[in-house]
Number of protein chains: 2
Amino acid sequence: MHYTRDNMASLLRSHDINPTHQRIEIAHALFSRQEHLSADQVMAIVNTRHSETSKATVYNTLKLFLEKGLVREVIVDPSKVFYDPNTSAHHHLYEVDTGKLSDIDATHVHISGLPDLPAGMVTEGIDLIVRVRRAG
Amino acid sequence: MHYTRDNMASLLRSHDINPTHQRIEIAHALFSRQEHLSADQVMAIVNTRHSETSKATVYNTLKLFLEKGLVREVIVDPSKVFYDPNTSAHHHLYEVDTGKLSDIDATHVHISGLPDLPAGMVTEGIDLIVRVRRAG
DNA sequence: TCATCGATCTGGACTTTGTCTAATTTCCGG
DNA sequence: CCGGAAATTAGACAAAGTCCAGATCGATGA
Ligand SMILES: [Mn+2]
Ligand SMILES: [Mn+2]
Ligand SMILES: [Zn+2]
Ligand SMILES: [Zn+2]
């Protein structure tokens, strides 16, 4: 599977998102890299060649992608949100010095002993973040 | 154990923090409530009677408490950091609709199968956040 | 008591991230 | 082509947090 802009259009349609030029570029930025990007980083990538997409559209589009389940939010840095094209169950390793964020496959990770949820509540997600730093 | 201001002064000294009026008030706000508070909330509590403590001091003091290990940061809401007077190992339950944050005792929670850390890295902490919302 | 001086506190300017809105542009069916 | 809905835009705005130069505090010792 190649992350062409045509494939991005199909991906968007399959998530019930009308594929526009800007949405395709933003999806392409995220999916072709398979990295965790902030809104600012997406903005910079999308506007490298020439300015094409406004700040408002970048924020609106990322929120739309999130609602439609195309991407996931990662809240780990107190100053900005990261958007994650990987929506399969996984956890995160965060290097606090550098801000580098990487995935931890969830298939071998087991979490047990969590208490029952409060009545009438349903789990939206379980985020596990391993914060690491250089030894010394 | 009563959370008097005198006890706050001792607590601060035991963490190598010079106990000033402002620091005692801020510590008292956190420890007497045993709640997760944002900087803004601390500011409001400390200045209820009459304005005593500036924004800069609230932020500086919370950062100092964090460095000295007196409180812990909880990063769960994309728009603000929460400060936690409970520094024992525990996890968090976050109600995404209301913003309500509560503790999950870690003694019965087991996490297994995490991969080895990258070489030269040491764990600073493992944050487990259960995000919940109203069913329906 | 009083002067001194390092530590602390302060107002307010500034930055960054994100939101909002009214106006414009694009897209598409008829 | 035309009309309307959907999408995009610039830029004003808001909230959280940082920074700094100057004011203040409070322990010390003359
Ligand atoms: Mn282009
Ligand atoms: Mn008071
Ligand atoms: Zn990820
Ligand atoms: Zn807690």
Residue pairs passing the ring pair (Phe, Tyr, Trp, His ring centres under 6.0 Å) test with at least one member in residues 85-106 of chain A, sequence neighbours excluded, are A:His36-A:His92, A:His90-A:His92
List the atom pairs, with distances to 0.1 Å, where a side-chain N or O of residues 113-134 of chain B and a protein N or O form a donor-acceptor pair under 3.5 Å, not counting sequence neighbours.
{"residue": "B:Glu124", "atom": "OE1", "partner": "A:Arg133", "partner atom": "NE", "Å": "2.8"}
{"residue": "B:Asp127", "atom": "OD2", "partner": "A:Arg131", "partner atom": "NE", "Å": "2.7"}
{"residue": "B:Asp127", "atom": "OD2", "partner": "A:Arg131", "partner atom": "NH2", "Å": "3.2"}
{"residue": "B:Arg131", "atom": "NE", "partner": "A:Asp127", "partner atom": "OD2", "Å": "2.8"}
{"residue": "B:Arg131", "atom": "NH1", "partner": "B:Val76", "partner atom": "O", "Å": "3.2"}
{"residue": "B:Arg131", "atom": "NH2", "partner": "A:Asp127", "partner atom": "OD2", "Å": "3.1"}
{"residue": "B:Arg133", "atom": "NE", "partner": "A:Glu124", "partner atom": "OE1", "Å": "2.8"}

Partner set under side chain to side chain contact (heavy atoms under 4.5 Å, CB included) for A:Asp105, not counting sequence neighbours:
A:Thr107
Looking only at heavy atoms, which two atoms of B:Ala106 and B:Ala89 are closest? And how far apart?
CB-O, 3.2 Å
Take the protein atom CZ of B:Arg13 and the nucleotide atom P of D:dA27, then report the distance between them rounded to whole Å.
10 Å
Outermost contacting nts on DNA chain C, any atom under 4.0 Å from chain A heavy atoms, listed 5' then 3', are C:dT17 to C:dC20
Got a sec, which pairs hit salt bridge (charged side-chain N to carboxylate O under 4.0 Å, His left out) with one end in residues 32-48 of chain B, sequence neighbours left out?
none
For A:Pro85, all residues meeting side chain to side chain contact (heavy atoms under 4.5 Å, CB included), sequence neighbours excluded:
A:Leu30, A:Phe31, A:Gln34
Only distances under 3.5 Å count here; give the side-chain donor-acceptor pairs of residues 59-68 of chain A to other protein atoms, sequence neighbours excluded, each with its distance to 0.1 Å.
{"residue": "A:Asn60", "atom": "ND2", "partner": "A:Ala56", "partner atom": "O", "Å": "3.2"}
{"residue": "A:Thr61", "atom": "OG1", "partner": "A:Thr57", "partner atom": "O", "Å": "2.6"}

For every nucleotide of nucleotides 6-17 of chain D, 5' to 3': is a protein heavy atom under 4.0 Å from its base (B), only from its sugar-phosphate (S), or from neither (-)?
-SSBB-B---SB
The remaining residues in the hydrophobic cluster of A:Ile75, counting side-chain heavy-atom contacts under 4.5 Å among Ile, Leu, Val, Met, Phe, Trp and Tyr, are B:Ile75
